[in-house]
Every structure is written in structure tokens, then in C-alpha cells.
Protein chains: 2
Amino acid sequence: MNTVVGAALARQMQTESMLSMQDFEVLVHLTDVENARLRVSELARAMRWEKSRLSHHLSRMEKRGLIGREECSSDGRGAFIVLTPEGRAAIEAAAPSHVDAVRRYFFDVLTSDDVKALRSISERVTARVEATDTCPSE
Amino acid sequence: MNTVVGAALARQMQTESMLSMQDFEVLVHLTDVENARLRVSELARAMRWEKSRLSHHLSRMEKRGLIGREECSSDGRGAFIVLTPEGRAAIEAAAPSHVDAVRRYFFDVLTSDDVKALRSISERVTARVEATDTCPSE
DNA sequence: CGAACTTGGATGACGTGTCAACTATTCCGT
DNA sequence: ACGGAATAGTTGACACGTCATCCAAGTTCG
């Protein structure tokens with residue numbers, strides 16, 4: 001189920017908005033904060049992505065003009081990631097039909113009991129893995 | 001949940017058996033048939049993978065000695081994929097602890113009602129996607 | 001102060017996934 | 001039989017993910 005739904009959503013987003021799911025996630029997190037500006041490591045933490053992965057992805061997104069980098073005055077090592085106007089336009093164009101697709105592919109065939117059951121299952125399993133597995137959040 | 005469980009299982013398999021999940025899947029499908037020998041396209045169909053993806057992956061696995069390629073006498077285009085002794089050894093070493101990890105991370109925290117609910121949800125969602133989405137199986 | 005350590009982040013190598021294009025064979029209709 | 005379509009499989013380019021490594025700016029502590 002996960003494979004199939006994920007692939008369908010990714011295809012939909014790619015063909016309609018020229019964004020990958022990952023691009024979308026980054027943009028969502030950026031639009032979620034004041035000034036659409038975040039430190040790389042905050043973003044990494046919020047997305048639960050490795051710093052390296054994020055850094056690579058941000059490079060690709062910067063090359064496409066979706067985001068920009070700015071120096072951080074208070075910490076000479078740091079960098080801010082900022083949403084460009086193109087980035088904002090892209091996510092605003094993509095979001096409605098994505099939400100729609102999620103509803104169509106997923107929630108439309110679920111009852112509210114299904115959703116409750118899924119939430120409960122998901123919480124238990126996730127908690128189990130994070131309790132058992134080595135370094136879940138690094 | 002899917003992300004977290006998938007990552008945990010992948011990490012477990014990689015560190016204990018030097019196999020990726022994808023390697024493992026290929027090996028499972030090979031051991032499932034007579035003579036551990038399959039045409040590439042049958043394997044692709046069985047795994048629901050693109051031919052291209054499979055071809056790339058088989059090249060990498062061949063380089064590592066897990067599988068081999070053989071010419072097909074009845075169809076000059078075709079190729080058989082065969083399991084090498086190394087490949088068989090690898091999956092036999094990996095399988096038990098993988099099964100164990102799946103149980104630990106997943107089924108241990110689920111009731112049989114949970115499993116029933118998940119199966120039902122999964123079937124409905126998958127059917128919906130495959131009915132709606134363009135080209136699900138290509 | 002200065003050496004050791006930590007932290008923020010980038011980079012390079014390599015494995016993986018997708019798409020489009022390609023080659024070589026087989027099939028099929030006339 | 002032959003010329004076009006379908007089929008089997010590979011390849012190349014490029015996006016994505018992970019790991020190990022690196023570097024530079026900050027922090028700690030003698």
C-alpha cells in the first residue's frame with residue numbers, strides 16, 4: 001500500500017507541478033515559519049533528515065531557483081535557507097492538487113474508524129521501533 | 001510508520017548481512033522458483049519493478065557475485081538470472097534475523113484485529129489507486 | 001592565551017531509481 | 001519472404017540517499 005500510494009502521489013506531483021515529494025516537503029517546512037527562513041540544521045531536525053541529505057537536496061533546489069542561501073551574521077559557520085518567490089509560487093501551485101490527490105487515493109476509501117485504527121497502529125509501531133532500534137533520530 | 005520501520009529493517013539487514021532490502025527481495029524471488037533461475041522480465045513482473053531498474057540492480061548484484069546471467073537458447077534476446085552459491089548463502093544467512101526483526105518491530109505490537117484492519121485498508125487503498133492512477137503496473 | 005573538542009555545514013564517492021533512447025530478436029500481416 | 005511492430009533487455013543521463021570525510025567557526029579548559 002505504501003509503495004503504491006507513494007508512487008502515485010509522487011507521479012502526480014511531478015507531472016503537475018515539476019516538484020518531487022522531497023522538494024515539496026522542504027517548501028512546506030519553509031512556508032511554515034516566520035519569514036520563510038530557517039537554519040539548515042533546524043530544517044534538518046524538523047524534517048528528520050540527515051544534514052548531508054538535506055545539504056545535497058538544497059544544492060539541487062538552489063540550482064533550480066526554489067530556495068536561496070544567506071549568510072548568518074551571528075554564527076559564522078551557519079547558513080540560512082530562504083524561500084524564493086519562485087519557490088513560493090511552486091508550492092502554492094502544487095499544494096491544492098496534492099491535498100486533493102491524498103484525499104482521492106487514500107482518505108476517500110477509509111472510514112473514520114479506519115483512520116483511528118491506523119493512527120493507533122502507527123503510534124505503537126513507531127514507538128516500538130524508536131525504543132528498540134539504535135539511533136533512530138540521527 | 002512506514003518510513004521508520006523501513007529504515008530500521010534496512011539498517012538491520014545492511015549491518016548484519018551486507019544486503020540491501022532490494023538485494024534481499026531479488027534473492028527471495030529467485031529462491032522461490034525451480035532451479036533458482038528466472039527470465040529477467042518474469043522477475044520484473046513478479047517484483048513489480050521496472051525492467052530498467054531491475055537491469056541496473058542485477059548488474060550491481062552480478063558484480064558482487066550474488067547472481068549470474070545465462071543465455072537463453074530458445075529466445076535469442078533473453079537472459080536467465082541464476083542464483084549463485086554466494087547468493088544462496090547470503091539469503092540463508094539473512095533471512096532468519098530479518099523475519100525476527102519484522103516480528104519485533106511490527107507484529108509484536110499488533111493484535112490480530114489490527115492485522116485484519118490493516119489488510120482491509122491496504123486492499124481498498126491499493127485497489128483505489130490502481131483503478132484511478134494512470135499506468136499502475138508499467 | 002592556545003590546544004583539544006564540538007558543531008554547522010559542504011563535499012566526494014558510490015549505491016539506488018527513473019526516464020528516454022537504443023540494440024537485437026521475434027512476431028505478424030500481407 | 002519481408003518490412004513494420006512488438007518484445008527482451010541494456011545503457012546513459014540525471015535525481016536522490018548514505019556514509020565517511022573535511023573544513024572552518026565556535027567552545028572548553030588547562
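Note that these values count all heavy atoms, side chains included, but never hydrogens, waters or copies made by symmetry. Here is the naming used below: chain letters follow the sequence lines, and residue numbers restart at 1 for every chain. Fair warning: this is a prediction, and the values are worked out from it, not measured in the lab.
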Is the closest side-chain heavy-atom distance between B/Ile81 and B/Met61 below 4.5 Å? no

Between the OG1 atom in A/Thr3 and the CG atom in B/Asn2, the distance rounded to the nearest 0.5 Å is 7.0 Å

Short side-chain donor-acceptor distance under 3.5 Å, A/Asp114 and A/Thr111: yes

My understanding is that only residues two or more places apart in sequence, or in another chain, count here; which of them pass side-chain contact (heavy atoms from CB on, under 4.5 Å) with A/Arg88? A/Thr31, A/Ala36, A/Leu83, A/Glu92

Would B/Arg53 and B/Glu25 pass as an ion pair if we require N to O under 4.0 Å? no

Hey, is the side chain of A/Ser41 poking within less than 4.0 Å of OP1 or OP2 on C/dG9, counting only N and O atoms? yes

Contact class for A/Arg69 vs. all strands (heavy atom < 4.0 Å): base, sugar-phosphate, or nothing? sugar-phosphate

Which atom pairs link the protein and nucleotides 11-15 of chain D when you take only N or O atoms and keep those under 3.5 Å?
residue: D/dT11; atom: O4; partner: B/Ser52; partner atom: OG; Å: 3.1
residue: D/dG12; atom: O6; partner: B/His56; partner atom: NE2; Å: 2.7

Nearest heavy-atom neighbours spanning B/Arg124 and A/Val109: NH1-O, 2.8 Å

Rounded to the nearest 0.5 Å, how far apart are NE2 of B/His29 and CD of B/Glu42? 12.5 Å

Check the distance between D/dC16's P and A/Glu62's CD and give it to me in whole angstrom. 15 Å

Starting from P on D/dA8, measure out to CG on B/Leu58 and report it in whole angstrom. 15 Å

Let me know the distance between CG of A/Leu38 and C1' of C/dG9, rounded to the nearest Å. 15 Å

Over how many whole Å does the gap from B/Met18 atom CE to C/dG15 atom C1' extend? 12 Å

Answer yes or no: does a side-chain N or O of B/Gln22 lie under 4.0 Å from OP1 or OP2 of C/dG15? no

Quick one: what's the B/S/- string for nucleotides 24-29 of chain D, heavy-atom cutoff under 4.0 Å, read 5' to 3'? -BS---

Spacing of B/Leu38 atom CG and B/Met47 atom CE [to the nearest 0.5 Å]: 10.5 Å

Taken to the nearest whole Å, CD/B/Glu71 to C1'/D/dA8 is 13 Å

Rounded to whole Å, the CD-P distance (B/Glu50 to D/dT10) equals 14 Å

Between B/Met21 (CE) and D/dG17 (P), how many Å, whole number? 17 Å

Please report the distance, rounded to the nearest Å, between CE in A/Met13 and P in D/dC16. 12 Å

Could you measure the distance from the CE atom of A/Met1 to the CD atom of B/Glu123? Nearest 0.5 Å is fine. 11.0 Å

